[in-house]
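Every heavy atom of this structure was used, including side-chain atoms; hydrogens, water molecules and symmetry mates were not. Numbers restart at 1 for each chain; the letters A, B, ... are given by sequence-line order, proteins then strands.
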Protein chains: 2
Amino acid sequence: MAQQTQMRMTRQRSVILEELQRTRRHPTADQVYRRVRRRLPRISLATVYRNLELMADRGLIRKIAPGVGPRRFDGETAPHHHARCLQCGAMADAPAGALGECGPHAGDVAGFEIVDYRLELLGYCPKCRSEHGRTP
Amino acid sequence: MAQQTQMRMTRQRSVILEELQRTRRHPTADQVYRRVRRRLPRISLATVYRNLELMADRGLIRKIAPGVGPRRFDGETAPHHHARCLQCGAMADAPAGALGECGPHAGDVAGFEIVDYRLELLGYCPKCRSEHGRTP
DNA sequence: ATATCTGCAAAACGTTTGCCGAGGA
DNA sequence: TCCTCGGCAAACGTTTTGCAGATAT
C-alpha cells in the first residue's frame with residue numbers, strides 16, 4: 001500500500017538501498033543498520049525499519065521471512081528462492097527452478113485461489129558441511 | 001534435542017494436545033491458550049508455549065512459520081503444506097503434491113546440501129473470494 | 001510552502017526464562 | 001521419593017509508533 005504516494009529520495013534511503021544491494025548475505029534490519037551507520041552515524045534503527053518496509057512495498061527490495069529468526073532483506077528483486085542452513089542460519093540465493101523444482105501452478109486448494117508460493121530450501125551450507133563432516 | 005528424556009503426561013499437556021487436534025485452524029500459541037483456558041482456567045501462557053515447543057520437538061505436533069505474523073501450530077503431523085490467505089491470513093492444509101507441485105529433490109544449490117524444503121501457498125480463501133469479487 | 005521524512009524514546013508484540021512450590025511416575 | 005513440571009512475573013529481541021523538528025520537492 002501507499003504505492004501511489006510519492007517517495008522522496010533522501011540520503012538515508014539511498015544509502016540503505018546501496019548497502020543492501022552491495023551484499024548477498026540477506027541481512028536483518030539490525031545488520032543493515034550497522035552497515036549504514038558507518039556512513040550515516042546519526043541514523044536511527046527506526047528509520048532503517050521504516051525505509052526497508054517502504055521499499056519492500058514498492059518492490060525496490062524484497063522482504064524474507066525465514067522459518068526461524070528475524071526478518072531479512074534482499075536487494076535482489078528478480079524472482080528466486082532462498083536456502084537456509086539448518087546449522088548456522090546462513091542464507092543463500094537459489095535460482096527458481098533449481099533442484100528440478102517445477103512449482104505449483106495456479107489452481108484450487110481447499111477452496112483457495114492460489115496465486116503465488118514461497119519456497120524455502122533447507123540444508124547445510126558449505127562451511128557447516130566441511131566443519132561437521134557432512135561431506136562424505 | 002531433549003528427545004531422549006521422558007515426557008510426563010500432565011493434564012495441561014493432554015488438554016493442549018486435544019484442543020490443537022480438535023481444530024483445523026492452525027492457531028497461534030495465544031489462541032491455543034484461550035481455548036485451553038476454558039478447561040484449565042489457571043494455566044499460564046508460558047506453559048502453553050513450553051508444551052507446544054516440547055511437543056513439536058517430539059513430533060507430536062507441527063510448528064508453522066507463516067511468511068507474516070506469529071507462529072502457528074498444527075495438530076496434523078502427516079506431511080503436507082499450507083495455504084495462506086493474502087487478505088485475512090487464514091490458513092488451510094494443502095496436500096503434498098497439490099497443484100502439480102513436484103518439489104525439489106535433494107541436490108546442490110550454492111554449495112548447500114539441501115535436505116528438505118518448506119512450501120507456503122499464497123492466495124485467497126473462499127470467504128475473501130466471495131466478499132471481494134475474486135470469483136468472476 | 002508543505003507534505004514527507006528523521007531521530008529519539010517509548011511502547012508494543014511474541015516469546016523465553018528464572019524461580020520455587022506442586023505434582024506425576 | 002525424586003525429578004519434571006506448572007504458575008507467575010520479569011526479561012528478551014524484534015518491530016512499531018507518537019511526536020516535534022528537519023528536509024526534499
To the nearest Å, how far apart are [X] [atom1] and [N] [atom2]?
| X | N | atom1 | atom2 | answer |
| --- | --- | --- | --- | --- |
| Y49(B) | dA11(D) | OH | C1' | 15 Å |
| L40(A) | dT23(D) | CG | P | 13 Å |
| I64(B) | dT15(C) | CD1 | P | 13 Å |

Charged N to carboxylate O below 4.0 Å: is that the case for [X] and [Y]?
| X | Y | result |
| --- | --- | --- |
| R84(B) | E120(B) | yes |
| R71(A) | E53(A) | yes |
| D74(A) | R24(A) | yes |

Cation-pi geometry met for R37(B) and Y33(B) (6.0 Å, 45°):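 Here R37(B) passes the 6.0 Å and 45° test against Y33(B).
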- prompt: So what does L45(A) hit on the nucleic acid, given a heavy-atom distance under 4.0 Å: a base, only sugar-phosphate, or nothing?
  reply: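 It contacts base atoms.
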query: Does dT16(C) have OP1 or OP2 sitting under 4.0 Å from an N or O in the side chain of R71(B)?
result: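 Looking at the OP1 and OP2 atoms of dT16(C), one of them is under 4.0 Å from a side-chain N or O of R71(B).
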- request: Tell me whether the OP1 or OP2 atom of dG7(C) has a side-chain N or O from T47(A) closer than 4.0 Å.
  value: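 Affirmative; the distance criterion is met.
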Could you check which of [options] has an atom nearest any side-chain atom of [X]?
| X | options | result |
| --- | --- | --- |
| N51(A) | dG6(D), dT16(D), dT6(C) | dT6(C) |
| R42(A) | dT4(C), dG7(C), dT15(C) | dG7(C) |
| R13(A) | dT15(D), dT6(C), dG6(D) | dT6(C) |

Restricting to nitrogen or oxygen on both sides, can you table the protein-nucleotides 19-25 of chain C pairs closer than 3.5 Å?
{"from": "dG23(C)", "atom 1": "N2", "to": "R8(B)", "atom 2": "NH1", "distance (Å)": "2.7"}
{"from": "dG24(C)", "atom 1": "N2", "to": "R8(B)", "atom 2": "NH2", "distance (Å)": "3.0"}
{"from": "dA25(C)", "atom 1": "OP1", "to": "M9(B)", "atom 2": "N", "distance (Å)": "3.2"}

message: Enumerate the ring pair (Phe, Tyr, Trp, His ring centres under 6.0 Å) contacts for residues 63-110 of chain A, please, sequence neighbours excluded, ordered by first and then second residue.
response: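 Non-adjacent pairs meeting ring pair (Phe, Tyr, Trp, His ring centres under 6.0 Å): H26(A)-H82(A), H80(A)-H82(A), H81(A)-Y117(A).
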